[in-house]
2 protein chains.
Amino acid sequence: MSGRYVVGIDAGGSKTHALIADLEGRVVGGGESGPGNWEGVGLDGAFDAYARAIDAALRMAGINRTDICAAGYALAGLDWESDVARLESVIRRLDLPGPYTLVNDAFGALRAGSTDGCGVAVIAGTGSTVAGRNRRGATFRTFGLGMHWGDFHGAAGLVWEATRAIGHAWIGRGPATALSDAFVRAYGAVDVPDLVERVSRGAAPPPNGRLARLVFTVADAGDEVACRIVRQAGEELGLTAAAVVRKLALEHESFDLVLAGGVFRARNRLLIGALTEQVRRCAPMARVVRLEAPPVAGSLLLAFDAAGVPTPPALCVRLLAEAHHWFQTIGGME
Amino acid sequence: MSGRYVVGIDAGGSKTHALIADLEGRVVGGGESGPGNWEGVGLDGAFDAYARAIDAALRMAGINRTDICAAGYALAGLDWESDVARLESVIRRLDLPGPYTLVNDAFGALRAGSTDGCGVAVIAGTGSTVAGRNRRGATFRTFGLGMHWGDFHGAAGLVWEATRAIGHAWIGRGPATALSDAFVRAYGAVDVPDLVERVSRGAAPPPNGRLARLVFTVADAGDEVACRIVRQAGEELGLTAAAVVRKLALEHESFDLVLAGGVFRARNRLLIGALTEQVRRCAPMARVVRLEAPPVAGSLLLAFDAAGVPTPPALCVRLLAEAHHWFQTIGGME
């Protein structure tokens with residue numbers, strides 16, 4: 001092993017991150033580029049996104065490709081068996097030396113958030129995915145394709161439930177809710193029909209995941225309908241996580257239940273409480289961990305795994321803290 | 001009143017129908033053209049669709065524009081107050097003599113299916129809308145914009161619940177269901193992941209409302225998950241209909257609950273039973289009527305209303321039967 005650095009790449013639908021660390025877990029450079037999911041930007045587009053993020057990280061670290069000894073790729077769009085060869089061909093073009101690990105990005109979050117790379121990760125951004133790995137190395141992942149094939153879809157799902165509740169209140173089918181006023185105000189509309197007319201006629205954008213924050217705010221203020229929506233979202237995510245727990249026979253083990261993605265950034269207790277309750281019903285020893293570090297930290301740890309370099313707790317703590325710091329400061333200033 | 005004929009126009013998202021009857025309720029001609037919802041085809045496109053259907057109906061009837069004494073327009077896309085002037089300008093260009101009635105197409109179905117033009121119509125095609133009118137002339141209508149603002153969305157909703165159940169069975173979150181095999185076979189796929197991969201990668205079309213028939217079939221064969229989905233769809237539609245009943249203070253009246261649209265063509269007892277139960281809870285005297293005639297028959301009756309010509313039961317029965325027959329035979333041969 002000639003190089004003394006590892007690189008981690010996390011590619012998502014809107015951004016691609018690369019981070020470089022030395023073998024003691026010190027982060028020495030990072031880079032960011034645009035969308036890196038090949039399903040959206042094509043294989044050449046994915047290559048460009050990976051390459052640009054890596055080159056920026058190398059520049060910041062002041063090192064060359066030959067200083068790299070291993071890489072970890074956590075890639076959105078690596079969904080099916082047939083995608084492995086497809087994405088391996090992209091990775092070969094990057095021309096980084098050494099062994100690598102290649103996984104779906106959900107497993108990057110699991111590696112970053114769990115102490116031993118095992119457990120279950122619930123990733124809830126605009127959509128959601130639940131992924132798990134047990135100590136025998138078996139893995140399982142939900143489709144993560146929105147609500148169509150069984151996943152409750154994260155922030156978008158919360159907002160969809162909110163608009164449904166606003167509609168039901170207007171029809172007189174459900175109770176009045178402060179969500180109506182909150183959404184009307186957020187859109188600068190006059191009333192609910194005005195809001196719906198604007199959205200349905202394309203004069204205003206359809207409610208999207210960004211409004212999930214509003215649902216949490218209205219719930220926090222005590223609105224019963226909003227509270228029910230948040231609680232149900234937690235239950236939905238928890239029921240799916242519990243199913244993954246059972247798939248991997250983790251019921252009687254102690255493991256990390258990693259919560260990752262923007263939806264958990266609100267630290268909503270109702271959401272996390274309902275989620276945890278569902279998982280603990282079948283796995284009482286699950287430890288809830290909120291992933292503070294960026295998922296690309298998991299890609300770095302996967303690079304250590306590929307290199308066969310152990311990642312003792314002290315190294316992990318340092319690496320996660322530095323990766324977090326990097327994104328809060330240097331990464332944010334780019 | 002110089003003319004001795006009335007014309008009804010029903011414009012939807014995929015087709016526009018025109019039907020002409022004499023003042024005794026005999027159907028003498030009809031015409032069909034393409035999409036007539038101005039939201040999709042623009043105001044000029046809507047004009048063309050209306051005009052082509054009307055001209056075809058006039059030709060078949062062997063009469064001229066001047067033989068018409070009144071018209072009834074039931075138009076999809078007439079959703080908001082601001083649409084009235086918009087669509088009146090289109091209607092003026094059609095240059096048909098006499099008075100007219102102009103309503104959202106949901107009210108055309110209500111007029112066709114109810115004995116006195118009052119009651120509640122549940123229209124469930126790909127999406128769904130519930131519309132009602134009481135004997136004081138007050139009306140109410142749900143947004144009919146899919147599931148986003150409170151409507152359960154008809155056939156598309158049934159299929160969405162089915163794919164969600166298939167996903168849950170695959171994750172191990174919900175019970176196994178015969179829907180999985182039925183959908184896999186319908187797509188010519190190998191198994192559920194193969195099906196999901198094909199759909200998610202655009203190699204096969206996403207499940208749409210046409211597959212609702214499959215959900216009914218699997219439910220009829222006794223599959224519990226499919227039965228639950230069908231029952232819930234009926235409850236959803238029934239709860240919304242009950243809300244419209246309350247909005248119009250119809251609880252203690254006898255009225256027609258009109259079921260219209262493709263979803264009811266399957267005459268699924270579980271669906272209709274669950275729907276009826278919800279409505280009868282608040283309105284015990286509701287009479288369930290399945291609309292067999294095409295909705296454009298309602299537009300014809302609205303034309304009689306506009307002309308001030310009474311529509312006694314015998315006339316309605318004849319007109320609905322002839323309109324139905326027209327669509328089954330002559331209309332179908334075009």
Side-chain angles (χ1 to χ4, degrees), chain A residues 39 77 79-83 129-130 132 140-153 159-174 180 183 192-203 206-207 236-248 278, chain B residues 39 77 79-83 130 132 140-153 156 159-174 180 183 192-203 206-207 236-248 278:
Chain A
E39 293 175 304
D79 297 323
W80 309 100
E81 205 51 43
S82 61
D83 297 326
T129 309
V130 178
F140 187 80
R141 187 174 62 82
T142 64
F143 291 123
L145 291 166
M147 286 169 70
H148 292 289
W149 299 100
D151 282 300
F152 182 81
H153 60 187
V159 173
W160 170 68
E161 292 284 6
T163 59
R164 194 158 78 139
I166 291 167
H168 282 174
W170 182 80
I171 294 167
R173 192 190 134 164
S180 302
F183 273 64
V192 169
D194 180 43
L195 161 62
V196 177
E197 179 175 355
R198 289 187 197 196
V199 171
S200 73
R201 287 287 163 81
E236 286 281 333
L237 292 167
L239 285 166
T240 302
V244 173
V245 164
R246 289 192 301 270
K247 278 272 175 197
L248 296 168
Q278 292 300 330
Chain B
E39 293 175 305
D79 296 324
W80 310 99
E81 204 51 44
S82 61
D83 296 326
V130 178
F140 188 79
R141 186 175 63 83
T142 65
F143 292 124
L145 292 166
M147 285 169 70
H148 292 288
W149 300 100
D151 282 299
F152 182 81
H153 60 187
V159 172
W160 170 68
E161 291 284 6
T163 60
R164 194 157 78 139
I166 291 167
H168 282 174
W170 182 79
I171 295 166
R173 192 190 135 164
S180 302
F183 272 64
V192 169
D194 181 42
L195 161 61
V196 177
E197 179 175 355
R198 289 187 196 196
V199 171
S200 73
R201 288 287 163 81
E236 286 282 334
L237 291 168
L239 285 166
T240 301
V244 173
V245 164
R246 288 192 300 270
K247 278 272 177 198
L248 296 169
Q278 291 300 331

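Proteins get letters first, then strands, A, B, ... in listed order; numbering begins at 1 in each.
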Per-residue contact mode, [X] against chain B (heavy atom under 4.5 angstrom):
X: A:L239; result: both
X: A:E197; result: both
X: A:P206; result: neither

- Not counting sequence neighbours, which residues clear ring pair (Phe, Tyr, Trp, His ring centres under 6.0 Å) with A:F143? List them please. A:W80, B:W170
Gap separating the [atom1] atom of [X] from the [atom2] atom of [Y], nearest 0.5 angstrom:
X: B:I166; Y: A:W149; atom1: CD1; atom2: CH2; result: 5.5 Å
X: B:Q278; Y: B:E236; atom1: CD; atom2: CD; result: 9.5 Å
X: B:D151; Y: A:R164; atom1: CG; atom2: CZ; result: 11.0 Å
X: B:H148; Y: A:T163; atom1: NE2; atom2: OG1; result: 7.0 Å

Where does [X] contact chain A at under 4.5 Å (heavy atoms): side chain, backbone, both or neither?
X: B:D83; result: side chain
X: B:I171; result: both
X: B:R141; result: backbone

- So, the side chain of B:H168 versus the backbone of A:G150: is there a donor-acceptor pair under 3.5 Å, distance only? yes
- Largest heavy-atom contact set with chain A, pairs under 4.5 Å, which of B:R201, B:E161, B:M147: B:R201
